[in-house]
Amino acid sequence: KLPGLHKIFSVSSSVVGRGKLPPMNSETDGDHAPVIDHGRLTGLLAFFQAAEQLKDTLRSGTSRSGRAESTAEHSWRLCLMVLLFEKDVFGVDIKKLLKLCVLHDLGEAISGDVPAPHQSDGDNRQERERRDFQALCADLPDDVANDFMALWDEYADAVTPEAQLAKAFDKLETMLQHQLMPGADADFHAFNLSYGRDRTDVFPLTRQIREGIDARTKELIRDRQSAQ
């Protein structure tokens, strides 16, 4: 329980009356009109606080300084990538695409990230991450939890254009981050030449981005090999 939140997240009825902030699900309580039910607010913030664990979930990659990268940082940069190319993608719901990118790795807040080279068919990783994400959503109001689970499943199924593009950008962001890693050797970069190609080849835009990434990756391989 988070006591007193109904007082913090409330607004003066006089302000609402002046049209500065519209009432939402409000019930008059003296001079204040809470804009959200206290139990709903508590559940939303409980999820929000639990999701913070993603900041401490480390990936196998690093930043350009050599510091371990968190999954939260990966998700942030993935969303930034979507915004950068918003005007260059067509027939896609950008709002939904961003939602998919924000939520896609949240299950890792509980059980952690599995590096791509260690992933394999039949490792039940997707099922485990879905259970973890479902557990993370336990405190949410039912309508929000159902919406979030539907988005997670949409991403996992990779049938809609938004989910397919989210997966393509996810691979591209990862490879671009790998190119910034100071300690990556030739074998590490060689892995990227085949990594996620089934996802990045789906759209002309992501294929074009991939071509540039692959060209740079080949340069890095040559540089690492010549330095040996």
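Keep in mind it's a predicted model, so treat the numbers as computed, not measured.
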Show the nearest heavy-atom pair for residues Thr200 and Thr206, with the distance to one decimal.
O-OG1, 2.8 Å
Decide, yes or no, whether a salt bridge links Asp187 with Arg224 under the criterion of side-chain N to carboxylate O below 4.0 Å.
no
Under 4.5 Å between side-chain heavy atoms, hopping through other hydrophobics if needed: is there a path connecting Phe48 to Ile36?
no
Could you tell me whether the side chain of Arg222 reaches within less than 4.5 Å of the side chain of Lys218, counting heavy atoms only?
yes
Would you tabulate the side-chain donor-acceptor contacts of residues 138-148 under 3.5 Å, counting partners in other chains and residues two or more places apart, or write 'none'?
{"unit_1": "Asp143", "atom_1": "OD1", "unit_2": "Arg40", "atom_2": "NH1", "d": "2.9"}
{"unit_1": "Asp143", "atom_1": "OD2", "unit_2": "Arg40", "atom_2": "NH1", "d": "3.4"}
{"unit_1": "Asp143", "atom_1": "OD2", "unit_2": "Arg40", "atom_2": "NH2", "d": "3.0"}
{"unit_1": "Asn146", "atom_1": "ND2", "unit_2": "Asp142", "atom_2": "O", "d": "3.1"}

Is any side-chain heavy atom of Val202 closer than 4.5 Å to a side-chain heavy atom of Lys167?
no
Linking I/L/V/M/F/W/Y whenever any side-chain heavy atoms sit under 4.5 Å apart, do Ile221 and Phe191 land together?
no
Non-hydrogen atoms of Thr62 and Pro182 that approach each other most closely
OG1-CD, 3.8 Å
If we ignore angles and hydrogens, is there a donor and acceptor under 3.5 Å between the side chains of Thr160 and Glu154?
yes
Quick one: does Gln134's side chain have a donor or acceptor within less than 3.5 Å of a partner on Met149's backbone?
no
Roughly how far apart are Glu73 CD and Leu58 CG, rounded to 0.5 Å?
8.5 Å
Minimum heavy-atom distance Val82-Leu98, with the two atoms named:
CG1-CD2, 3.8 Å
Side-chain heavy atoms of Arg199 within contact of Asp170, under 4.5 Å
no
Just verifying a value: how many Å separate Ser70 OG and Asp56 CG, rounded to the nearest 0.5 Å?
8.0 Å
Under 3.5 Å, side chain of Asp157 to main-chain N/O of Val159, donor-acceptor pair present?
no
Just so I know, are the side chains of Gln177 and Leu78 near enough to count as touching, which here means a heavy-atom distance under 4.5 Å?
no
Walk me through whether Leu103 and Tyr155 qualify under side-chain contact (heavy atoms from CB on, under 4.5 Å).
CA-CA 9 Å; Leu103 297 177; Tyr155 178 83; over 6 Å; no
How far apart are the closest heavy atoms of Ala166 and Leu100, and which atoms are they?
CB-CB, 4.3 Å
Do Glu86 and Leu97 have side chains that get closer than 4.5 Å, going by heavy atoms?
no
Hey, does the side chain of Arg216 reach the backbone of Gly212 with a donor-acceptor pair shorter than 3.5 angstrom?
no
Correct closest heavy-atom pair for Leu106 and Val102 would be CG-O, 4.1 Å
Can you tell me how far the CD atom of Gln53 sits from the OG1 atom of Thr71, to the nearest 0.5 Å?
12.0 Å
Gap separating the CG atom of Leu172 from the CZ atom of Arg77, nearest 0.5 angstrom
11.0 Å
Under the ring-ring contact (aromatic ring centres under 6.0 Å, His included) test, residues paired with His74 that sit two or more places apart
His104
Test item: side-chain donor near acceptor, Thr217 and Asn192, under 3.5 Å:
no
Cys137 vs Phe47, side-chain contact (heavy atoms from CB on, under 4.5 Å): CA-CA, chis, key distance, verdict:
CA-CA 6 Å; Cys137 292; Phe47 171 87; 4.0 Å; yes
Rounding to 0.5 Å, atoms CZ (Phe133) and CG (Asp105) come to a distance of 10.5 Å
Check the orientation of Phe188 and His178. Use parallel for under 30°, tilted for 30 to 60°, and perpendicular for over 60°.
perpendicular
Taking Leu165 as the starting point, is it possible to reach Leu83 by hopping between hydrophobic residues whose side chains are less than 4.5 Å apart?
yes
Is there a side-chain contact between Ile209 and Phe85, using heavy atoms and a 4.5 Å cut-off?
yes
What do you reckon, is CD of Gln208 surrounded by more than 12 foreign heavy atoms closer than 6.0 Å?
no
Looking at Glu162 and Asp93, would you say the former's side chain and the latter's main chain have a donor-acceptor pair under 3.5 Å?
yes
A side-chain contact here means heavy atoms from C-beta on lying under 4.5 Å apart; do Met175 and Arg210 qualify?
yes
When rounded to the nearest 0.5 angstrom, what distance separates CG in Leu84 from SG in Cys79?
11.5 Å
Specify the closest pair of heavy atoms between Glu108 and Glu129, including all atoms of both residues, with the distance to one decimal.
OE2-OE2, 3.6 Å
